[in-house]
Each structure stands twice: as C-alpha cells, then as structure tokens.
2 protein chains.
Amino acid sequence: MTESGRRPRADARRNRERLLAEADAVFRAQGTNASLEGIARRAGVAIGTLYAHFPNRRALLGALLHQRNDALFARGADLLDEPGAAAALTAWVHAVIAHAAAYQGLAAVLAEGVDDEASELHQACVEMTDIGDRLIARAREAGALRREATGADIFALMNAAAWVAEQMSADQAGRLVELAMAGLLVPSS
Amino acid sequence: MTESGRRPRADARRNRERLLAEADAVFRAQGTNASLEGIARRAGVAIGTLYAHFPNRRALLGALLHQRNDALFARGADLLDEPGAAAALTAWVHAVIAHAAAYQGLAAVLAEGVDDEASELHQACVEMTDIGDRLIARAREAGALRREATGADIFALMNAAAWVAEQMSADQAGRLVELAMAGLLVPSS
DNA sequence: ACCTGAACACCGTTCAAGT
DNA sequence: ACCTGAACACCGTTCAAGT
C-alpha cells in the first residue's frame with residue numbers, strides 16, 4: 001500500500017519512476033509478457049519493490065498507459081467535432097491501432113480488459129468503445145453507413161487489426177481495416 | 001529420433017498415441033500453451049519421453065492437426081468446384097475459423113507459421129493461403145469482387161477473426177467477417 | 001531402441017526481516 | 001513507510017543412466 005498517505009517518501013517516488021521508465025523500455029523491446037524480475041533489476045530495486053508499487057502486471061501496464069490514454073481520448077473528442085463523419089471514424093480506428101502498437105501483446109490485454117471489470121484497463125476499453133459508438137452514430141446520421149455496426153464492432157476491428165500488425169505486418173493490418181471499412185461505409189466518390 | 005527405423009517398437013507406438021490423445025484433451029481444455037509436463041504425466045510417461053517423440057510444442061501441435069488439416073484442404077478443394085464463387089469464398093473463411101477454434105491460441109500459432117519456414121505448420125499455412133488465392137481468382141472472374149484482395153489478405157482475415165472468437169466471442173468474430181466480406185464482395189441481391 | 005527422472009536455468013509471487 | 005531477498009511453487013529442456 002504505497003498510496004495510503006498523501007506524500008510518498010522521496011525514495012519511493014524515485015523507485016516508482018525508475019520502474020515505470022524501465023518497464024516502458026522493456027515492454028517496448030520485449031512485449032507485455034517480458035520478465036518483471038528483469039524490469040526490477042534494471043531499475044535497481046528488488047522484485048518485492050516492484051510488487052509493492054504495482055500489485056500485478058496489468059497495474060504496471062495501466063500506469064504506463066495512463067498518459068497515452070488521455071492523449072488518445074482527447075483525439076477522440078476532437079474527431080467527434082470534425083465535419084467528415086466517415087473520415088473521422090476511419091481516423092479513430094487508425095489512432096487506436098497506432099496506440100495498441102506501443103507494446104507487442106497489448107492488443108490481447110485490451111481485448112481482455114473490455115469484458116473484465118477487475119482489469120486496470122477496463123475503464124479505458126469502455127471509453128474506447130463509447131467513442132466508437134458516438135462516431136458510428138454521427139456517421140449514421142450523415143448517411144455514411146452501408147450497414148449497421150456498434151462501438152463493440154469497431155473495438156473488435158481495431159484490436160484485431162492491432163493483433164495482425166503484431167503477428168504479420170502493419171501493411172497487412174492496414175489492408176484488413178480497408179476491407180472492413182469498405183464494408184461499413186458508403187463509397188465516398 | 002524415433003522415426004529412423006521402419007517399425008517403431010510397440011511400446012513407443014502406444015506412448016506416442018497416448019501422448020497425442022492427452023495433448024488433444026489438454027490443449028482443448030487449456031489452450032496451446034498448456035503445460036507439457038502435465039500432458040506427459042496424464043499420458044503416464046516421463047517428460048523426456050514426450051520430448052523424444054515431439055522435439056517441441058509446435059511438432060506436437062502439428063501432429064495433432066494433421067488429420068484435421070487433410071479434412072480442411074479437402075473442403076477447400078470441394079469449394080473450388082462449387083458454382084457460387086462468392087459463397088464458396090465465404091464458406092472457406094468460415095471453415096478455417098472453425099478449424100482454428102480447436103484450441104485457444106491456435107490462431108497465433110498459425111499466424112506465426114505462415115512466415116516461419118521452420119515451423120511445422122508452415123506448409124499448412126501456405127496451403128491455406130493458396131486456396132484463398134484460388135478462390136479469390138474465381139470470384140474475380142465471376143465479377144463478384146468490389147476490390148482487389150489476395151490469399152494473404154484472406155489468411156489475415158481468417159486468423160484475425162479466429163483470434164477475436166478466442167478473446168471476445170464467436171458472435172463478434174462473425175460480425176467482423178461480415179464487415180470484411182461486405183467490403184470485398186459485390187452485393188448479391 | 002526407447003524410457004526415466006534428476007539436473008539446470010529460468011519464471012511469478014509472497015512475506016518475514018530489516019532500515 | 002518502504003525495501004530486501006530468501007522461499008515457494010511452478011515452468012521448459014537436456015541428457016546420463018538405465019532396461
């Protein structure tokens with residue numbers, strides 16, 4: 001319990017920051033399943049210290065993603081105000097795929113988080129789905145949809161494409177998105 | 001090296017079969033990353049025996065999938081002879097997704113296998129892509145395509161949908177397939 | 001020819017003892 | 001209040017010794 005009082009001790013605060021910095025570097029290089037032992041070692045602390053600050057891997061990941069999520073949701077809010085509803089939806093899909101490309105394995109964590117209320121990433125996943133729902137509603141009102149779809153459908157597409165980018169290539173993921181968006185949207189020209 | 005001579009010893013043959021049977025049961029229940037130690041224990045052999053028969057996890061998986069693959073490719077050959085080119089392509093996509101649903105985690109192994117020539121599943125992945133290419137060509141000739149696509153695109157879609165089925169639900173995977181196929185195919189009615 | 005199981009090198013997670 | 005690191009329970013993989 002390192003968050004009980006108000007001001008964390010200076011060494012605790014420094015350890016937390018070093019852990020986050022090393023975790024980011026290691027997750028970037030080795031993916032979300034990298035060894036926590038290795039992260040603690042690189043941060044110069046014992047493994048118990050890592051667990052004291054972050055009770056599990058998802059908590060560590062959630063702390064790392066927090067800033068990035070804020071930027072992503074700000075982008076979502078911007079897109080909701082942009083004129084072209086279809087283009088905004090497409091831009092949103094690409095933004096989330098780029099977001100999920102931060103660490104290999106992140107797509108699976110996000111896909112798990114949307115259904116698991118205990119996940120530290122649950123709230124972020126729900127917000128992503130919600131933004132998708134609203135962008136879909138705008139596109140529908142603009143007459144830009146060929147067929148019905150939900151925020152959950154958009155969430156599934158984004159995560160599937162992020163997974164394809166991890167497993168195969170970003171190009172292949174892009175082609176999957178083009179295919180699905182062509183199925184969703186009225187041809188523009 | 002248990003395959004050097006012609007006739008394997010009777011006990012070796014029995015162990016191999018028991019290992020395959022238990023591996024199938026365990027992979028079904030726990031996915032492709034289940035403990036190999038546990039499989040050996042259930043089969044009543046030491047862990048070294050499992051490794052003597054199957055040098056790694058993919059080899060065990062490849063042996064398990066062999067029969068199933070034959071059935072899948074036979075289905076592919078049938079579909080290449082069926083009249084409706086677009087319906088045949090759609091049926092193929094669903095057949096592979098059902099195939100990949102055998103074990104949780106199989107989609108990732110297949111996605112990895114298509115690029116990794118050393119994988120025991122490489123050949124099967126190449127064949128799947130090839131069947132996709134041929135079904136696409138037939139659909140193109142029949143004027144059933146709205147846009148270009150390749151066997152690799154179909155392979156990516158199939159595996160992405162199989163992954164969505166694992167992580168979210170078969171329903172969600174089905175909606176992804178519908179979206180992508182609507183983007184690929186000329187509306188039928 | 002095949003099987004056994006100890007040995008090795010690695011994990012994640014907890015918790016008593018320290019400072 | 002926080003940190004340490006040994007302890008525990010688990011892996012995958014190899015290989016000398018057996019039958």
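All values derive from a computational prediction rather than experimental measurement. Letters go in sequence order (proteins before strands), and every chain restarts at 1.
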Exercise. Taking only heavy atoms on the protein side, list every residue of residues 42-50 of chain A lying under 4.0 Å from any atom of DNA chain C, sorted numerically.
Key: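 Under 4.0 Å from DNA chain C: A:I47, A:G48.
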Exercise. Using a heavy-atom cut-off of under 4.0 Å over every strand shown, decide if A:D11 touches base, sugar-phosphate, or nothing.
Key: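 Sugar-phosphate, no base atom in range.
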Please list, for nucleotides 17-19 of chain D, all pairs of protein and nucleotide N/O atoms separated by less than 3.5 Å.
none

Quiz item: Do A:Y51 and A:N56 meet the criterion of a side-chain donor-acceptor pair at a distance under 3.5 Å?
Solution: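 No donor-acceptor contact under 3.5 Å links the two side chains.
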Quiz item: Does the side chain of A:D153 come under 3.5 Å of the side chain of B:Q172 through a donor N or O and an acceptor N or O?
Solution: yes
Quiz item: Do any N or O atoms from the side chain of B:R18 and from the backbone of B:V45 form a donor-acceptor pair under 3.5 angstrom?
Solution: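 No; judged by distance alone, with no hydrogens or angles, the pair does not exist.
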Quiz item: Any sub-3.5 Å donor-acceptor pair from A:R147's side-chain atoms to B:L179's backbone N or O?
Solution: no
Exercise. Could you tell me whether the phosphate oxygens of D:dC3, OP1 or OP2, come under 4.0 Å of any side-chain nitrogen or oxygen in A:H53?
Key: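 So the side-chain polar atoms of A:H53 do come within 4.0 Å of the phosphate oxygens OP1 or OP2 of D:dC3, strictly under.
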Quiz item: Should B:S35 be listed as having a side-chain N or O under 4.0 Å from OP1 or OP2 of D:dG12?
Solution: yes
Quiz item: Nearest of C:dC3, C:dG12, D:dG12 to any side-chain atom of B:N15?
Solution: C:dC3
Self-check item: Whole angstrom value for the distance that separates C1' of D:dC11 from CZ of B:R57
Solution: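 B:R57 atom CZ is separated from D:dC11 atom C1' by 10 Å.
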Quiz item: Is it the case that more than 12 heavy atoms not belonging to B:R13 sit under 6.0 Å from its CZ atom?
Solution: no
Quiz item: Reading DNA chain C 5' to 3', how would its secondary structure be written in dot-bracket notation, given Watson-Crick and G-U pairs with both distances under 3.5 Å, brackets [ ] for crossing pairs and | for partners on other strands?
Solution: ||.|||||...|||||.||
